[in-house]
Amino acid sequence: LPFETEKTPVGKIADKRGLSLEEAGRQARHEFFGRVGRNFRCRRVVLGHHADDQVETVLMNLFRGTGNLGGMRPSSEVRIKGSRLELLRPFLGVWRSALDTYLDEQGFAFREDASNASELFLRNRIRANLVPCLKDTFRRDVTRAVARVAELAADESDFLDALVAGADVAG
């Protein structure tokens with residue numbers, strides 16, 4: 001597939017910066033959002049991440065040992081070449097199947113990114129192999145449980161951050 005080669009712009013970024021294609025793609029997207037945001041004086045970008053993406057993120061973080069079981073947040077901030085950009089994810093609580101149903105009912109077309117079919121990328125292997133294996137192993141849809149873990153972990157992290165922010169660390 002064309003996106004798997006080092007000859008693509010993202011492949012060149014990955015090679016130059018010593019990154020995986022996934023990380024290089026993420027950085028390239030953020031840089032693009034930053035350029036567009038500056039050109040149109042827009043400080044926020046709405047992304048289409050949904051609950052299934054959140055489950056994949058939590059599983060990646062779990063098995064990488066990052067400790068971030070809270071996954072993606074509904075709102076986060078990135079700095080790109082001195083500019084601040086807020087990334088909004090309003091669909092994190094909505095499952096892909098519900099989004100597909102809604103789009104179909106409204107007569108909207110959905111465009112699937114061709115890279116989603118490649119198992120070159122870890123997220124796609126998790127989606128195609130690990131999640132079905134976990135569902136089969138537990139004989140139920142475990143994605144709801146993983147999403148709940150993400151929600152609880154994010155709430156705990158926010159609570160601890162608030163405690164630290166309010167603590168008198170000078171005393």
Should L85 and F32 be regarded as members of a common hydrophobic cluster, given that ILVMFWY residues are connected when their side-chain heavy atoms come within less than 4.5 Å of each other, either directly or indirectly? yes
Is the shortest side-chain N to carboxylate O distance from R17 to E31 below 4.0 Å? yes
For a quick check under 3.5 Å, do S115 and D113 share a side-chain donor-acceptor pair by atom type? yes
Between R43 and E86, does at least one N-O distance fall below 4.0 Å, as a salt bridge requires? no
With a 4.5 Å limit on heavy-atom distance, are the side chains of H30 and Q27 in contact? no
Residue pair T66, N68: steps toward the side-chain hydrogen bond (donor to acceptor under 3.5 Å, both in side chains) verdict: CA-CA 5 Å; T66 67; N68 177 14; 5.5 Å; no
Quiz question: by atom type and distance under 3.5 Å, do the side chains of R123 and T57 form a donor-acceptor pair? yes
Verify same cluster id: L62, M72 (apolar side-chain graph, 4.5 Å): no
Is the cationic atom of R96 (NZ for Lys, CZ for Arg) positioned less than 6.0 Å from the six-membered ring centroid of F110 and within 45 degrees of its normal? yes
Within a strict 4.5 Å, meaning less than it, do heavy atoms of the D53 and F91 side chains meet? no
Connected via hydrophobic side-chain network under 4.5 Å: V78 and F40: yes
Given the rule in the side-chain hydrogen bond (donor to acceptor under 3.5 Å, both in side chains) test, do R127 and N124 qualify, once you have shown the distances and angles that lead to the verdict? CA-CA 5 Å; R127 181 183 311 120; N124 297 349; 2.9 Å; yes
One pair to check against salt bridge (charged side-chain N to carboxylate O under 4.0 Å, His left out): R73 and D158. What are the steps and the verdict? CA-CA 11 Å; R73 299 303 186 91; D158 290 345; 2.6 Å; yes
Between H49 and L92, does the side-chain contact (heavy atoms from CB on, under 4.5 Å) criterion hold? Intermediate values first, please. CA-CA 6 Å; H49 294 116; L92 282 182; 3.9 Å; yes
Is the shortest side-chain N to carboxylate O distance from E119 to R125 below 4.0 Å? no
